[in-house]
Protein chains: 2
Amino acid sequence: MPRSTVPPESKRTRAAHPSPELAPASAARERLAAWIAEKGLKATRQRDVIVDTFFSQTGHLSVDDLLNKVQARDANIGAATVYRTMKILTDAGLASARHFFDGQTRYEAALDRHHHDHLICTRCHAIVEFENERIEALQDAVARQHGFVVTRHKLELYGLCRACQTLQNPPR
Amino acid sequence: MPRSTVPPESKRTRAAHPSPELAPASAARERLAAWIAEKGLKATRQRDVIVDTFFSQTGHLSVDDLLNKVQARDANIGAATVYRTMKILTDAGLASARHFFDGQTRYEAALDRHHHDHLICTRCHAIVEFENERIEALQDAVARQHGFVVTRHKLELYGLCRACQTLQNPPR
DNA sequence: TTGAGATTGAGACTGATTCTCAATTTCGAT
DNA sequence: ATCGAAATTGAGAATCAGTCTCAATCTCAA
């Protein structure tokens, strides 16, 4: 069952030939340190654990998933701290929040990534990312026609991925 | 402050020259009656009030707004009934649920309406609808490239509407 | 008119997230 | 290294939209 555009092992592969997509977790940690200094925040052990855990994952991670992984490393870290830390990462531009099929916020690493949109399988919940500048251009044109200046957008395509098209179980 | 593509008075205007956009509320009531019969549901006074209230509005109505207007007509109708009724309208294809900037579900009348997407002003929350078949076609093409069969999509453009571009108050 | 079954309103409940607050930790100034 | 103001923490309470439960009520075909 496909779970993400980026297969797990690619994280290791990336070190070999520099990827334009995903900066290494260490870069994220540096950027966070700069942000923390700039904003008068403080570096804490908990934040380190959460940030390391987050950047060692790929794909779109729910807070709950992240919390589980974080607590596997340090059982004393609470949910509130994970929520708070992900908000800081988002403000710092290192993560971005997404809302797909369910009510949960999912985060993806955002450092040095292009804007992209998502294809979501309604059956297995695989999430595939894509970029299409012609769509973007048309969006801008439409907005201009209506006098809008667009600052962000959300484009999500829901359907069945290749694997799920042949299966008959009802989509969730 | 613009609130919707469809200005309030247009509802009356539509009767003169038949609009392809919005069927009259009476047609919706008939369709609902058919749906209720088909599904073995029952017609109730509460549902009539809610459906009449809903279809006498235009634009994108939150459950809370709708509840207020419903209770102005009958203070005894509870929130749960409004939630339940809007779900029925949605199942019957007479309303469709949308999720924009905040966590609230908003409903719009769906009877005989084309699919369309939305431009949303982040400052005044005006919602403008648009259709663009070239964007739709490109979406399908992208999905096909990734082996997906798309069943629905969500495209929302967020930014500042013409009126709000000249104002300096911070966007909400 | 009757009764099975649908519907209702109120309030309890849920799940995600935020808030509160006392205890703890950080870090620049000493 | 120590101090202390200010930030952070975890736990649990609070919030918020929405759903569920259940006893009382209503609908409608027979």
Side-chain angles (χ1 to χ4, degrees), chain A residues 29 32-51 53-54 60-68 70-92 95-107 125 172, chain B residues 29 32-51 53-54 60-68 70-92 95-107 125 172:
Chain A
R29 273 183 238 121
L32 179 63
W35 179 267
I36 279 180
E38 181 189 333
K39 297 290 173 184
L41 307 178
K42 285 173 180 172
T44 70
R45 180 182 42 80
Q46 289 90 331
R47 284 178 186 167
D48 287 346
V49 172
I50 294 165
V51 171
T53 305
F54 177 66
H60 302 78
L61 208 56
S62 70
V63 175
D64 206 54
D65 288 346
L66 181 56
L67 177 62
N68 286 333
V70 162
Q71 290 188 332
R73 292 212 212 174
D74 181 341
N76 295 319
I77 295 179
T81 302
V82 174
Y83 278 105
R84 290 187 280 232
T85 302
M86 291 316 294
K87 189 149 294 180
I88 291 173
L89 282 183
T90 303
D91 291 345
S96 55
R98 305 278 183 179
H99 298 89
F100 299 127
F101 39 87
D102 58 8
Q104 295 199 183
T105 301
R106 272 152 224 276
Y107 288 94
H125 294 171
R172 284 181 276 182
Chain B
R29 271 183 238 120
L32 180 63
W35 178 265
I36 279 178
E38 181 189 333
K39 297 291 172 183
L41 307 179
K42 284 173 180 173
T44 69
R45 180 181 42 79
Q46 290 89 332
R47 285 177 185 167
D48 287 345
V49 172
I50 294 165
V51 171
T53 304
F54 177 67
H60 302 78
L61 210 54
S62 70
V63 175
D64 205 54
D65 288 346
L66 180 56
L67 177 62
N68 286 335
V70 162
Q71 290 189 331
R73 292 213 214 176
D74 181 341
N76 294 319
I77 295 179
T81 302
V82 173
Y83 278 106
R84 290 187 279 232
T85 302
M86 291 317 295
K87 189 149 294 183
I88 291 172
L89 283 183
T90 303
D91 290 345
S96 55
R98 305 279 183 178
H99 299 89
F100 298 127
F101 39 88
D102 57 8
Q104 297 200 183
T105 302
R106 271 151 224 278
Y107 288 94
H125 294 172
R172 282 182 276 182

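Sequence lines set the chain letters: A, B, ... in the order given, protein chains first and strands last, and positions in each chain run from 1. Quantities reported herein were computed from a predicted structural model and do not represent experimental measurements.
Heavy-atom distances to DNA chain C give each of A:Thr44 and B:Gly40 a nearest nucleotide, and the one nearer the 5′ end belongs to B:Gly40. Both A:Gly78 and B:Arg45 sit near DNA chain D, but only A:Gly78 has its closest nucleotide nearer the 5' end.
Looking at the side chain of B:Lys42, the nearest of the listed nucleotides D:dA7, D:dT9, C:dA4 is C:dA4.
Here D:dT27 presents its C1' atom at 20 Å from NZ of B:Lys39, a figure rounded to the nearest Å. Taking atom CE on B:Met86 and atom C1' on D:dT19, their separation rounds to 16 Å, with Å as the unit. Taking atom CG on A:Asn76 and atom P on C:dT25, their separation rounds to 11 Å, with Å as the unit. Nucleotide D:dG18 holds its P atom 12 Å from the CG atom of B:Leu66, rounded to whole Å. Regarding A:Leu67, its CG atom lies at a distance of 14 Å from the P atom of D:dT9, rounded to whole Å. For the pair A:Ile77 CD1 and D:dT8 P, the computed distance is 15 Å after rounding to whole Å. Taking atom CD1 on B:Ile50 and atom C1' on C:dG9, their separation rounds to 12 Å, with Å as the unit. We find that CD1 of B:Ile88 is positioned 7 Å from P of C:dT8, with the value rounded to whole Å.
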Return a single string for nucleotides 11-19 of chain C, one symbol per nucleotide in 5' to 3' order, where B is base contact, S is sugar-phosphate-only contact and - is none, cutoff 4.0 angstrom on heavy atoms. -----SBBB
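No donor-acceptor pair under 3.5 Å is formed between the side chain of A:Arg29 and the backbone N or O of A:Asp48.
The side chain of B:Thr81 contributes no N or O atom lying less than 4.0 Å from OP1 or OP2 of C:dT7. Residue B:Arg47 places at least one side-chain N or O under 4.0 Å from the OP1 or OP2 atom of C:dT8.
Counting heavy atoms from C-beta on, the side chains of B:Lys39 and B:Asp91 never come closer than 4.5 Å. Between A:Thr105 and A:Arg98 there is no side-chain heavy-atom pair separated by less than 4.5 Å. With contacts defined as side-chain heavy-atom distances shorter than 4.5 Å, the pair B:Thr81/B:Arg84 qualifies. Looking only at side-chain heavy atoms (C-beta outward), A:Leu89 and A:Phe54 come within less than 4.5 Å of each other.
Using a 4.0 Å cut-off between charged side-chain N and carboxylate O, A:Arg45 and A:Asp74 make a salt bridge.
A side chain to side chain donor-acceptor pair (under 3.5 Å) with A:Asp102 is found for exactly one of A:Gln104, A:Arg106, A:His99, namely A:Arg106.
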